[in-house]
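Okay, so here's the structure we're looking at.
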Amino acid sequence: MNVNEIAEKCGFKIAAGDDALTRTVEGIYCCDLLSFAMGRAPEDFAWITVMGNMNSVAVASLTDVACIVLCDRVQPDEDMLKKAVQQDIAVLLSDKPAFDTGLLIHEAIS
Amino acid sequence: MTLHYIVPGDDFTRAGEASGDLKRKMKKLGFPSDVIRKVSIALYEGEINMVIHAYGGEITAEISSSEIDLTLADTGPGIPDIEKAMQDGYSTATEQVRNLGFGAGMGLPNMKKYTDEFQIESEVGVGTTVRMKVYNHS
Ligand SMILES: Nc1ncnc2c1ncn2[C@@H]1O[C@H](COP(=O)(O)OP(=O)(O)OP(=O)(O)O)[C@@H](O)[C@H]1O
Ligand SMILES: [Mg+2]
């Protein structure tokens with residue numbers, strides 16, 4: 001299932017993403033500590049975090065995750081959006097906490 | 001091919017530029033994606049460390065078909081106890097930096113884990129130099 005379909009199915013808002021919205025999501029990874037995520041987030045996974053700043057975009061780009069899902073009503077700051085658009089990283093917004101957000105995606109993709 | 005990057009201190013908007021640029025260049029040159037991933041992760045962690053712990057620094061990347069050599073040099077405060085700094089979870093990051101998601105104390109361990117050769121030299125009050133190599137297997 002791709003990022004766009006997940007957004008629709010789970011009721012997430014799309015904050016950024018162009019071609020990136022067609023990327024297939026292979027799994028879910030949850031973490032807010034950037035260098036943890038940097039070392040461990042698997043390629044093509046949806047990465048759930050509350051870190052709505054541009055460093056998340058850098059981590060997403062370098063680890064090649066399928067998308068960033070900001071959970072718990074976190075809004076991305078302006079710099080993050082700018083970077084995400086520039087590098088075409090999909091950013092989804094979820095009202096739910098990390099666990100419930102992950103569960104929603106899990107149900108959608110399995 | 002040799003590339004130079006200047007990493008400005010305390011400018012989070014530009015941290016990640018060198019690793020992003022090197023990643024794009026390696027892609028164009030056709031390096032295998034796992035080699036690119038290792039190089040970009042290690043370089044990003046080093047770049048961020050120079051920004052948050054050392055007021056910026058300089059990166060030299062030498063790219064050949066057999067390996068990628070990275071040298072990161074700064075003239076920051078230096079590291080008093082390297083062995084301690086290398087441990088998982090050890091961090092002196094400030095509250096402000098932690099609020100941005102840094103400070104897990106995993107940067108240096110990641111750099112070591114993702115590279116084939118890793119050396120760090122540091123002198124308090126003089127600066128820190130990190131040398132890393134990633135072999136290209138193809
Ligand atoms: N270039 C540097 N100059 C001075 N001190 C450094 C430098 N790089 C690392 N350190 C010291 O080593 C510690 C461990 O670094 P490491 O990258 O592993 O963790 P961190 O940067 O604190 O957090 P994280 O990388 O997980 O966001 C730092 O907290 C800092 O005290
Ligand atoms: Mg670090």
Side-chain angles (χ1 to χ4, degrees), chain A residues 16 19-20 23-24 26-27 29-45 47-72 74-91 97-98, chain B residues 7 10-24 26-27 31-49 51-53 85-93 96-115 134:
Chain A
D19 286 346
R23 287 188 61 172
T24 303
E26 304 286 357
Y29 179 81
C30 231
C31 186
D32 297 319
L33 294 170
L34 296 179
S35 52
F36 250 89
M38 186 64 112
R40 296 178 191 186
E43 236 175 276
D44 299 319
F45 272 42
W47 173 34
I48 302 174
T49 177
V50 293
M51 287 300 162
N53 63 66
M54 70 196 158
N55 300 298
S56 308
V57 176
V59 171
S61 153
L62 295 177
T63 55
D64 231 350
V65 293
C67 63
I68 300 172
V69 185
L70 289 182
C71 62
D72 249 328
V74 167
Q75 291 294 322
D77 64 28
E78 221 172 279
D79 288 337
M80 176 177 185
L81 280 184
K82 230 189 275 166
K83 268 246 152 90
V85 169
Q86 220 177 59
Q87 305 196 9
D88 194 19
I89 302 291
V91 179
Chain B
V7 180
D10 267 339
D11 185 358
F12 289 102
T13 52
R14 290 186 55 197
E17 255 180 30
S19 34
D21 184 72
L22 186 58
K23 183 185 176 180
R24 276 188 296 278
M26 286 179 71
K27 250 187 193 162
F31 280 93
S33 60
D34 61 317
V35 175
I36 298 178
R37 183 180 160 101
K38 283 156 91 180
V39 168
S40 12
I41 288 175
L43 187 56
Y44 179 77
E45 293 287 9
E47 235 183 309
I48 287 289
N49 277 357
V51 176
I52 65 182
H53 305 298
M86 289 301 304
Q87 287 171 3
D88 285 15
Y90 177 82
S91 175
T92 60
Q96 182 208 356
V97 161
R98 284 175 198 269
N99 287 341
L100 291 169
F102 300 110
M106 292 301 292
L108 288 172
N110 276 349
M111 288 156 81
K112 191 174 160 69
K113 174 176 155 197
Y114 282 100
T115 53
V134 174

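Below, each value reflects all heavy atoms present in this structure, side chains not excepted, and no hydrogens, waters or symmetry copies. Lettering of chains follows the sequences in order, A, B, ..., and the numbering in each one begins at 1.
In this structure, the side chain of B:Tyr114 engages the main chain of A:Gly39 through a donor-acceptor pair within 3.5 Å.
For A:Thr63, the parts sitting under 4.5 Å from any heavy atom of chain B are the backbone and the side chain alike. A:Gln87 does not touch chain B: none of its heavy atoms, backbone or side chain, sits under 4.5 Å away. Proximity to chain B (any heavy atom under 4.5 Å) is restricted, for A:Lys83, to the side chain, taken from C-beta onward.
A heavy-atom distance below 4.5 Å is not found between the side chains of B:Leu100 and A:Met51. Annotation: side chain of A:Asn55 is in contact with side chain of B:Tyr44 (closest heavy-atom distance under 4.5 Å). Counting only heavy atoms from C-beta outward, the side chains of A:Met38 and B:Asn110 approach each other to under 4.5 Å.
Taken to the nearest 0.5 Å, the CE atom of B:Met106 stands 4.5 Å off from the CZ atom of A:Arg40.
Residue-environment remark: NZ (B:Lys113) exceeds the threshold of 12 foreign heavy atoms within 6.0 Å.
With chain B as the partner, the residue from A:Asp32, A:Leu33, A:Leu62 showing the most heavy-atom pairs under 4.5 Å is A:Leu62.
Closest non-hydrogen pair, A:Ser35 versus B:Glu45, comes out as CB-OE2, 2.9 Å.
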